[in-house]
Asks: 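Please read through the structure below; I'll follow up with questions.
Side-chain atoms are counted along with the backbone in the values below, which use heavy atoms only and exclude waters and symmetry mates. Note that this is a predicted model, so its numbers are computed, not measured. Positions are given from 1 along the sequence.
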Amino acid sequence: MLSRHARCGMSVVAAQAALLASSSGAYAQSSPRELPRELPAVTVDAPATAKPRPRKPAVQTAGLRRDSAKPTVGRPASVATTNEQGAGTSRASLDQPAAVARYQLPQRSFSITAREADETINLKDPEDAVKYMPSLFVRKRNDGDNQAVLATRSWGLNSSARTLIYYDDLLISALIGNNNSGASPKWNLISPEAIGRIDFLNGPFAAAYPGNSIGGVLLITSKMPDKPFAVAKETVSVMPWSQYGTWNTYVTSQTSTAAGNRDGKLSWLVSANYLDSYQQPLTYTTFGTVFGVGPANTTGAIAALNKTGGVANVIGTGALAHSQQISANLRLAYDVSPLVQARYALGIWNNHQTSDPQTYLISTLNRQPTFGAQGAFASNKYIWDQTHLSNAVSLKSDTKGVFDFDLSASTYNYLQDVLLNPYTVTAAGIGYSQNGKITRNDGTNWQNADAKGVWRPLGVDGPHEISFGIHGDRYRLENPAYLSSVWNATASTGTGQLFSTGVGETRTGGVWVQDAWKVVPNLKLTLGGRLETWRASDGFNVNSVALSGGTPATPMPVLSSTATIQPGLNSTNFSPKASLSYDANKDWNITANFGEAYRYPTVTELYQNASVGTTIVLPNPFLTPEQDFTGELNVERHWSDGRVRLTLFKERTNNAIISQTNQVTSTGLTATTISNVDAIRMQGVELSADKDNVWIAGLQLFGSVTYVDSRILADAGWAGRDAAGNLTTVVGKRVPFVPDWRAKFGITYRPNDSWAYTVAARYSGKQYSTLDNTDSVSHVYGAFDNFLVVDLKIHYNATQNFTFDLGIDNLFDAQYFLFHPFPGRTFVLAGKYTF
């Protein structure tokens with residue numbers, strides 16, 4: 001009803017209703033909510049003594065410090081600019097996300113606005129914004145990392161295809177694969193200054209999302225403007241580094257800009273980001289079977305073990321990279337009518353990255369640095385050029401009447417993706433062979449399309465709200481590798497001998513329906529289902545082995561190649577969903593959710609037999625879809641400026657697709673294998689809390705604790721052995737990449753409008769990367785360690801236009817590995833000017 005008043009201008013009745021609604025707690029049921037039976041208490045203070053220049057209140061919460069955007073008459077709220085100010089709470093991030101309200105999604109959510117992230121987080125990349133959200137972890141190894149996977153409460157950092165990440169209508173999750181390398185989300189398309197709000201929805205409980213929502217759905221919303229604005233931000237990060245034989249200081253500079261305006265029916269937003277990043281070693285080169293002994297005729301090897309206790313002496317760095325990235329985005333919104341809006345988004349990202357590995361070895365023959373004839377150094381010497389392009393269009397209505405619709409389509413294309421390596425090293429010294437290898441992903445692409453509708457048969461206030469839709473997607477992999485006669489001067493197309501290739505395609509189609517039924521005003525039952533059909537086709541692989549050559553003495557190899565046409569696969573599945581939400585009163589909510597979901601094998605899991613750098617990927621063209629059952633019970637208490645939530649959850653996955661990466665020490669390479677595990681089970685508890693004005697005005701506390709008991713229930717095909725050759729078992733072992741504990745705790749103090757001080761800590765418990773949990777050695781290259789990291793942030797609003805940030809990530813310089821070495825103590829300085 002209130003939305004009808006808004007379209008005709010603000011009436012006295014609507015104004016009173018809005019005041020009453022804002023004073024009440026945020027109900028879990030869909031808007032509009034019932035008005036309270038009693039008027040809220042009103043306190044009238046005596047007028048203050050007049051002063052020449054009135055002062056602002058000393059303390060305000062993050063939500064109240066925002067400028068209120070002027071309403072545009074006739075524009076629908078959900079397709080117009082989203083203001084950060086909350087409607088029913090004093091902090092906007094506690095309000096219901098727009099997508100949840102529009103489709104009556106059953107998931108519980110966590111949110112953060114751009115202003116909150118700007119004040120409390122050392123925000124260098126867009127993925128930094130989720131750093132303190134409950135249970136979430138982003139595997140970010142360095143600033144500008146293009147392989148930063150989002151891990152959730154029950155799925156780890158190798159599960160990129162088990163979460164969905166959207167930037168407005170563009171899916172930035174790369175469902176081309178399920179790994180923490182080429183299938184990582186395309187965060188780099190987003191400028192941090194263009195973000196308006198981020199919402200995370202737990203679990204596969206909404207029929208509107210495919211089975212890749214097993215881990216959850218992250219929604220990133222851009223801040224489309226209602227008036228002219230422009231912003232420019234410069235950020236510098238400095239990280240001193242000391243590990244194994246590498247001592248250096250690595251510096252990253254980043255420039256982010258955004259500008260936009262609204263002119264009549266058209267609003268626009270442009271954003272750009274430039275990053276120049278020198279990175280700490282991402283990998284190390286290892287050697288040997290005798291502890292502390294390096295290659296013949298060398299000294300300098302550092303004695304070390306690998307994660308399973310085998311010898312892995314460190315003889316130098318692996319990837320030691322310098323990355324220069326440019327991204328740009330254009331977003332347009334046009335009001336076709338007062339209640340229908342069309343949007344278009346264009347994004348482009350370019351990356352030029354080079355790596356120059358460092359050897360620790362000294363020749364005993366001439367006392368000069370040497371690679372010791374170890375070809376793994378050549379795999380880490382590379383030039384990598386990438387240019388990716390995205391497009392997204394949508395058309396949406398927001399009548400809040402009997403029917404609304406939402407049409408969207410997006411595409412993502414690898415215009416250029418070329419990695420150049422020398423084939424091996426020279427026989428002596430630190431040189432490389434002239435010949436090399438070119439690995440390409442050019443032509444890899446995917447498309448997604450959705451048509452959704454919302455039918456309210458008895459009106460917006462009626463008991464039923466039925467949503468429905470159809471979905472289609474297509475993912476195409478092109479991944480050939482060629483030999484080249486001059487490794488760093490290869491033509492734009494591969495013209496040498498084909499070394500390997502992985503080609504294939506997957507397609508998914510789906511239909512879904514969901515009914516949100518308000519049985520009584522404070523009880524909502526949501527039932528839904530999703531029917532999907534999936535197929536994989538055109539799978540083709542070429543694998544080569546060197547019959548001779550490929551050594552420092554004879555760098556030009558003679559190959560024997562095998563071509564394989566892979567079988568087609570298909571599957572059709574139905575996934576039911578159910579949710580029951582009960583508002584005990586205006587402050588308490590209890591919600592129980594259940595969802596079944598199917599996660600289909602990705603095209604790279606099926607067909608990508610790549611050798612990139614020092615990692616060999618061995619696909620499995622016979623994978624079957626994962627079948628996942630997830631249930632949770634949420635109990636939540638909320639205030640206008642805070643919330644506490646307890647969640648009990650349990651999940652069982654049949655045919656879980658799990659990959660493992662292990663070091664092959666004798667070659668300096670790592671091998672990744674992929675297989676179905678018969679059954680796994682994860683269960684646990686998550687407790688989160690967030691409250692403003694605790695004890696004193698301006699003091700905000702936030703934190704979460706998550707415990708997961710993950711177990712492998714069955715895996716009949718397991719035939720693994722330990723380092724001694726004994727057959728191992730996986731039944732009863734913990735699921736790889738899922739830590740037992742995750743915890744976060746933080747304090748933000750805002751003494752006035754100008755300053756915000758934040759101290760926050762992040763903890764992760766032990767996790768394993770092998771199915772039989774034999775990787776028990778910690779704090780060595782390749783291990784997956786527990787860690788505790790403390791961050792600091794000081795935010796200062798110097799003037800209305802200038803803001804400055806000073807922060808330290810990893811204050812105590814904790815050194816830990818998640819296979820890769822992760823960043824040490826990093827000093828961050830940023831300045832932003834808003835026009």
Side-chain angles (χ1 to χ4, degrees), residues 21-22 24-28 31 59-69 77-78 81-102 105 107-123 126-136 138 165-168 192-202 216-224 587 589 634 636-645 647 686-694 698-704 744-750 753 756 758 760 793 795:
S22 66
S24 64
Y27 274 42
S31 297
V59 177
Q60 295 178 340
T61 62
L64 292 175
R65 287 198 301 275
R66 294 160 178 77
D67 295 329
S68 297
S78 66
T81 300
T82 302
N83 183 24
E84 289 188 12
Q85 174 61 48
T89 65
S90 63
R91 184 147 52 86
S93 59
L94 296 174
D95 290 341
Q96 192 178 56
V100 173
R102 180 173 175 85
L105 301 179
Q107 290 112 315
R108 313 309 295 167
S109 63
F110 297 98
S111 306
I112 187 170
T113 65
R115 185 179 293 269
E116 291 170 342
D118 199 40
E119 289 180 347
T120 62
I121 298 170
N122 293 317
L123 190 66
E127 61 266 35
D128 291 330
V130 307
K131 184 183 295 185
Y132 304 127
M133 282 187 173
S135 298
L136 300 187
V138 177
I165 306 174
Y166 292 89
Y167 181 36
D168 292 336
E193 299 311 307
I195 297 174
R197 177 184 172 109
I198 299 179
D199 305 292
F200 181 75
L201 316 179
N202 269 317
V217 181
L218 191 75
L219 305 174
I220 305 173
T221 306
S222 60
K223 47 185 176 186
M224 294 298 293
D587 297 325
N589 172 265
N634 296 277
E636 182 174 316
R637 167 70 160 94
H638 44 91
W639 302 266
S640 63
D641 63 350
R643 170 175 57 195
V644 60
R645 180 187 298 164
T647 302
E686 177 185 82
L687 176 65
S688 64
D690 188 350
K691 184 71 169 64
D692 290 337
N693 303 314
V694 179
L699 184 66
Q700 178 190 6
L701 299 183
F702 57 90
S704 64
K744 302 178 183 183
F745 178 76
I747 303 173
T748 296
Y749 179 52
R750 301 177 178 92
D753 284 344
T758 300
K793 171 73 178 283
H795 177 78

Asks: Would you say the side chain of Trp639 lies within less than 4.5 Å of the side chain of Asp587, judging by non-hydrogen atoms?
Replies: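 In short, these two side chains do not touch, never coming nearer than 4.5 Å.
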Asks: With sequence neighbours excluded, what pairs up with Tyr167 under the ring pair (Phe, Tyr, Trp, His ring centres under 6.0 Å) test?
Replies: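 Listed in chain order: nothing, the list is empty.
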Asks: Output yes when a side-chain donor or acceptor of Glu119 lies under 3.5 Å from a complementary backbone atom of Glu116, and no otherwise.
Replies: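 Not confirmed, Glu119 side chain does not pair with Glu116 backbone.
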Asks: Is any side-chain heavy atom of Leu201 closer than 4.5 Å to a side-chain heavy atom of Val100?
Replies: yes
Asks: Verify, without hydrogens or angle tests, whether Arg197 (side chain) and Ala92 (backbone) share a donor-acceptor contact under 3.5 angstrom.
Replies: yes
Asks: For Val694, which residues count as a side chain to side chain contact (heavy atoms under 4.5 Å, CB included) partner, sequence neighbours excluded?
Replies: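 Only Lys691, Leu701 meet the side chain to side chain contact (heavy atoms under 4.5 Å, CB included) criterion with Val694.
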Asks: According to side chain to side chain donor-acceptor pair (under 3.5 Å), who are the partners of Glu193, at least two apart in sequence or on a separate chain?
Replies: Lys832
Asks: State the OH-CZ distance between Tyr132 and Phe745, to the nearest 0.5 angstrom.
Replies: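 Between atom OH of Tyr132 and atom CZ of Phe745 there are 12.5 Å.
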Asks: Please find the pair of heavy atoms, one from Ala99 and one from Leu219, that lie closest to each other, and give the distance.
Replies: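 Taking Ala99 first and Leu219 second, the nearest heavy atoms are CB-CD1, 3.7 Å.
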Asks: Are the side chain of Asp690 and the backbone of Gly703 linked by a donor-acceptor contact shorter than 3.5 Å?
Replies: no
Asks: As an exercise, state the distance from CG of Leu136 to NZ of Lys744, rounded to the nearest 0.5 Å.
Replies: 5.5 Å
Asks: Hey, are Thr647 and Arg108 close enough side-chain-wise for a donor-acceptor pair under 3.5 Å?
Replies: no
Asks: Are any non-hydrogen side-chain atoms of Met133 and Ile112 less than 4.5 angstrom apart?
Replies: yes
Asks: Could you verify whether a donor N or O on one side chain and an acceptor N or O on the other, from Ser109 and Asp199, lie under 3.5 Å apart?
Replies: no
Asks: Sequence neighbours left out, what passes side chain to side chain donor-acceptor pair (under 3.5 Å) with Arg643? Give chain and number order.
Replies: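 Once residues adjacent in sequence are excluded, Arg643 has no partner under the side chain to side chain donor-acceptor pair (under 3.5 Å) criterion.
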Asks: Is there a side-chain contact between Asp95 and Ser111, using heavy atoms and a 4.5 Å cut-off?
Replies: no
Asks: Rounded to the nearest 0.5 Å, how far does CG of Asp641 lie from CD of Gln700?
Replies: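 It comes to 9.0 Å.
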Asks: Give the minimum heavy-atom separation between Ile121 and Ala129, together with the two atoms involved.
Replies: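 Heavy atoms of Ile121 and Ala129 come nearest at CD1-O, 3.5 Å.
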Asks: Any sub-3.5 Å donor-acceptor pair from Lys131's side-chain atoms to Leu123's backbone N or O?
Replies: no
Asks: Check whether any side-chain heavy atom of Asp118 lies under 4.5 Å from a side-chain heavy atom of Thr113, and answer yes or no.
Replies: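 With C-beta onward as the side chain, the pair stays apart.
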Asks: Find the distance between CG (Leu218) and CD1 (Ile165) and round it off to the nearest 0.5 Å.
Replies: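 So the gap between those two atoms works out to 5.5 Å.
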Asks: Distance check, rounded to the nearest 0.5 Å: Lys793 atom NZ versus Asn122 atom CG?
Replies: 5.5 Å
Asks: Are the side chains of Val217 and Leu105 in touch, meaning some heavy atoms are under 4.5 Å apart?
Replies: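 No, too far: nothing below the 4.5 Å cut-off.
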Asks: Quick one: side chain to side chain contact (heavy atoms under 4.5 Å, CB included) partners of Asn202, sequence neighbours excluded?
Replies: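 By the side chain to side chain contact (heavy atoms under 4.5 Å, CB included) rule, Asn202 matches Phe110, Arg153, Phe200, Glu632, Glu686.
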Asks: Indicate yes or no: at least one non-hydrogen side-chain atom of Asn589 is less than 4.5 angstrom from one of Asn634.
Replies: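 Of all side-chain heavy-atom pairs linking Asn634 with Asn589, none is under 4.5 Å.
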Asks: Does Thr221 reach the side chain of Ile198, with side-chain heavy atoms less than 4.5 Å apart?
Replies: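 No - every pair of side-chain heavy atoms lies 4.5 Å or more apart.
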Asks: Can you list everything that forms a salt bridge (charged side-chain N to carboxylate O under 4.0 Å, His left out) with Asp128? Sequence neighbours excluded, please.
Replies: Lys140
Asks: Could you work out, with side chain to side chain donor-acceptor pair (under 3.5 Å) as the rule, every residue matching Thr758, not counting sequence neighbours?
Replies: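 Counting only residues at least two positions away or on another chain, Thr758 forms a side chain to side chain donor-acceptor pair (under 3.5 Å) with Thr748.
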